[in-house]
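Excluded from the calculations below are hydrogen atoms, water molecules and symmetry mates; all remaining heavy atoms, backbone and side chain alike, are included. Quick note on labels: first sequence line is chain A, next is B, and so on, each numbered from 1.
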Amino acid sequence: MTEAPAGIRRGRAPALAMNLLARLAVLGLVALTTFALPRLLPGDPLQAMLASDHAQSLSLAELAALRERLGLTAGWGRQLGDWLGDLLRGDLGHSIRHARPVAALVAESLPWTLLLILGAMPVYLLLGALAGIRAGRAQGGALDRGLTGLVTVLASIPPFVLAILLMLGFAILWPVLPAGGALPLFPSDQPLVRAGQVARHAALPVAALALHEFARFYYLARAEAIGLSRRPFVLNAEARGLAPLRMLADYYGRNILPAFVARMSDSISGLFGAALIVEIVFSYPGIGGLIYGAILDRDYPLLQGATIIVAAGVLALNWLIDAVLAVLAERG
Amino acid sequence: MRVGPPLLGLLAVSLAARPLLPAWRSSREVLAPPGTAHPLGTNAIGQDIALGLLHATPNTLLVGLAAAALATGVALAAAGLAATAPPTLRAAILRLVDALQVLPAMLVLLFVAAFAQPGLAGLIPLLGLTSWHEDVRLALALIRREAGRENVHFARSMGASWSHCLRRHVLPAIRPALAALYVQNIRQVTLRGAGLAFLGLTDPRLPSWGSMMQEAMDHLYTPAWSWLLLPPALALTLFLLVLLALAEAAPDKDAAA
């Protein structure tokens with residue numbers, strides 16, 4: 001009895017370690033790209049840093065001294081070594097625009113992105129499952145054809161267009177919700193009112209994100225439900241005249257759960273990508289807004305640092321989910 | 001239904017028509033609503049929207065078709081390498097591909113595009129090389145399925161090399177599935193390319209549907225958004241829907257499964 005699980009565990013641990021290694025390799029690749037790309041292009045980081053108006057009156061000697069101090073005169077190898085050393089110590093550099101450590105800026109904006117993602121997740125998972133199951137149970141019916149057609153069109157509208165249309169519909173043409181930002185100009189001091197304000201500002205970005213991911217899980221739930229509706233135990237339950245809610249929760253819901261969980265682990269990268277775009281459209285102060293602002297301001301240290309942190313975070317999260325799933329699968 | 005001819009035909013027509021179009025000039029008629037002179041209105045510097053759509057069409061098609069071809073080709077090469085490699089190398093390739101897949105493509109695209117502001121020649125490799133890894137597992141499964149058949153075993157026992165088998169026995173058999181994969185890739189890279197253009201991270205001299213939509217962002221509070229946003233958005237959505245229909249109509253659909 002104890003023999004078999006031990007054997008599986010022996011098989012899993014190295015596999016998980018190998019996965020971790022591959023993710024570290026990819027992270028190394030990202031770090032190398034973020035290091036090399038700015039240096040491959042014309043100009044050096046100093047010029048990019050000094051591209052503002054008030055810094056252009058420096059003399060050549062001052063520039064050379066500054067370059068020396070920033071370590072830009074050293075060879076590529078030295079620079080890479082120094083930079084990696086800083087990175088490993090957790091020093092991601094200083095943002096030029098914000099004049100603050102990159103790590104602090106990222107730490108401030110990450111909760112907003114997580115709020116959007118965690119807010120959208122139950123919405124699209126539940127709606128996707130409900131709509132998909134309903135359509136799949138009556139495959140080929142009027143509801144299925146109408147809904148699937150609608151979702152197909154929805155899936156072909158670029159996410160930023162969906163976001164803009166939502167903004168137009170509910171914030172501009174019919175202004176019931178704020179069009180951008182995460183808090184009003186003067187946020188309230190009372191926690192309850194403040195939470196309400198946060199929720200109001202998050203509503204549209206969450207809706208845009210949920211709408212974008214909805215199609216994926218709708219198709220998945222529909223395909224699973226089509227398969228399930230032909231299985232004998234479901235047909236039998238149907239014939240016994242079980243309550244609709246019980247059919248939905250116990251017979252369909254439980255059986256599509258594994259497929260949903262597996263797909264969620266795959267969809268994290270897509271979700272983050274969509275969140276980046278949605279945040280930019282709604283000028284939401286999350287990590288996507290931070291990155292886009294860094295691009296517009298040519299704030300390269302911030303761009304590099306934020307890119308590396310997001311890459312590391314997504315890779316780690318995905319590995320964790322995989323590890324948890326592996327452990328769960330082991331327990332059966 | 002074959003996938004290539006309609007798409008290439010569309011590209012050829014739009015490319016051939018471009019020299020015949022009048023230049024996309026600015027004019028004094030700024031933000032004019034749709035009317036007889038400008039069927040779809042004009043933008044903030046007086047350029048005709050309908051004309052802009054036509055100018056942008058070949059760019060969008062060219063980037064989509066070429067970048068997807070690159071992505072599919074690289075995926076196929078990686079899958080071929082994995083199929084013929086020893087098990088340890090194959091496992092390493094697959095693990096690397098899995099890890100790459102976790103990385104949000106948009107993150108990499110944003111970073112590179114922020115520095116390079118790619119034009120037509122830059123967008124194709126950029127989009128192609130950030131999309132290939134999503135297809136490797138599927139392509140490998142297809143190759144291994146075909147490589148396990150009798151004709152390949154027979155050819156191998158007659159002394160044929162793996163590269164010969166891949167070229168003459170495996171590739172022709174998986175072509176329909178690859179075509180469906182290719183169309184999916186076009187959808188993917190077109191969406192991402194439009195996203196980059198919408199964020200203003202492509203070469204500003206390159207007219208594209210995505211960059212036309214960006215202009216609408218400054219006019220959301222005036223009625224001008226409707227003729228700035230909707231025509232390019234509809235063109236893009238229609239193109240993506242046509243691609244979906246093409247993929248559905250492809251003869252071998254088990255690529256999607």
Side-chain angles (χ1 to χ4, degrees), chain A residues 15 18-27 29-30 33-34 37-38 40-41 152-153 155-161 164-165 167-168 171-172 179 223 265-266 268-277 280-281 288 291-292 294-296 298 300 303-304 306-307 310-311 314-315 317-319 322, chain B residues 91-117 133-134 187 190-196 198-201 209-210 213-214 216-217 220-223 225-226 229-230 232-234 236-245 248 257:
Chain A
M18 284 293 286
N19 278 339
L20 188 63
L21 215 62
R23 279 160 178 69
L24 283 177
V26 168
L27 189 60
L29 217 62
V30 172
T33 311
T34 54
L37 200 65
L40 283 177
L41 293 165
T152 305
V153 173
S156 292
I157 302 177
F160 53 90
V161 174
I164 299 174
L165 290 179
M167 188 201 277
L168 276 166
I172 293 174
S265 146
D266 293 345
I268 283 187
S269 70
L271 195 60
F272 250 94
L276 293 184
I277 294 247
I280 292 169
V281 171
I291 288 178
Y292 192 53
I295 292 174
L296 294 184
R298 300 192 134 342
Y300 292 137
L303 181 58
Q304 289 168 325
T307 302
V310 173
V314 174
L315 286 166
L317 196 63
N318 175 271
W319 184 78
D322 278 359
Chain B
I93 292 177
L94 285 181
R95 284 201 202 287
L96 197 66
V97 162
D98 283 349
L100 274 176
Q101 220 163 343
V102 178
L103 202 65
M106 210 56 212
L107 190 69
V108 182
L109 284 174
L110 278 181
F111 187 83
V112 178
F115 283 100
Q117 283 234 335
H133 44 80
E134 289 150 24
R187 263 176 75 88
T190 304
L191 263 173
R192 286 180 185 158
L196 277 189
F198 170 74
L199 296 177
L201 298 179
W209 295 339
M213 281 182 262
Q214 190 202 14
M217 286 304 281
L220 288 181
Y221 288 90
T222 68
W225 69 265
S226 56
L229 175 71
L230 294 182
L234 282 178
L236 191 58
T237 303
L238 206 64
F239 178 54
L240 294 173
L241 278 174
V242 166
L243 286 176
L244 202 62
E248 295 266 307

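B:Leu229 has its side chain within reach of A:Leu165: a pair of non-hydrogen atoms, C-beta onward, lies under 4.5 Å apart. Within the 4.5 Å cutoff, side-chain heavy atoms of A:Val310 are placed close to those of A:Phe272. Proximity of B:Leu220 to A:Leu168: side-chain heavy atoms (C-beta onward) are separated by under 4.5 Å at one or more points. Residues A:Ile164 and B:Met213 are not in side-chain contact: their nearest non-hydrogen atoms beyond the backbone lie 4.5 Å or more apart. Side-chain contact between B:Thr190 and A:Pro158: absent, with no pair of heavy atoms (C-beta onward) separated by less than 4.5 Å.
Contact of A:Val30 with chain B is made through the side chain alone, with heavy-atom distances under 4.5 Å. Proximity to chain B (any heavy atom under 4.5 Å) is restricted, for A:Val161, to the side chain, taken from C-beta onward. Looking at B:Leu201, only its side chain comes within 4.5 Å of chain A, counting heavy atoms on both sides. A:Leu303 touches chain B through backbone and side chain together, each having a heavy atom under 4.5 Å away. Contact annotation for A:Ala311: both backbone and side-chain heavy atoms come within less than 4.5 Å of a heavy atom of chain B. Proximity to chain B (any heavy atom under 4.5 Å) is shown, for A:Ile157, by both the backbone and the side chain. Both the backbone and the side chain of B:Leu103 come within less than 4.5 Å of a heavy atom in chain A. There is no contact between A:Leu271 and chain B, counting heavy-atom distances below 4.5 Å. Proximity to chain A (any heavy atom under 4.5 Å) is restricted, for B:Arg187, to the side chain, taken from C-beta onward.
A side chain to side chain contact (heavy atoms under 4.5 Å, CB included) with B:Leu199 holds for exactly one of A:Ile295, A:Val281, A:Ile280; it is A:Ile280.
Counting heavy-atom pairs closer than 4.5 Å to chain B, the top-ranked of the candidates A:Thr33, A:Leu24, A:Val153, A:Ile172 is A:Ile172. Between chain B and the options A:Leu29, A:Leu27, A:Thr34, A:Leu21, the largest number of non-hydrogen pairs under 4.5 Å is found for A:Thr34.
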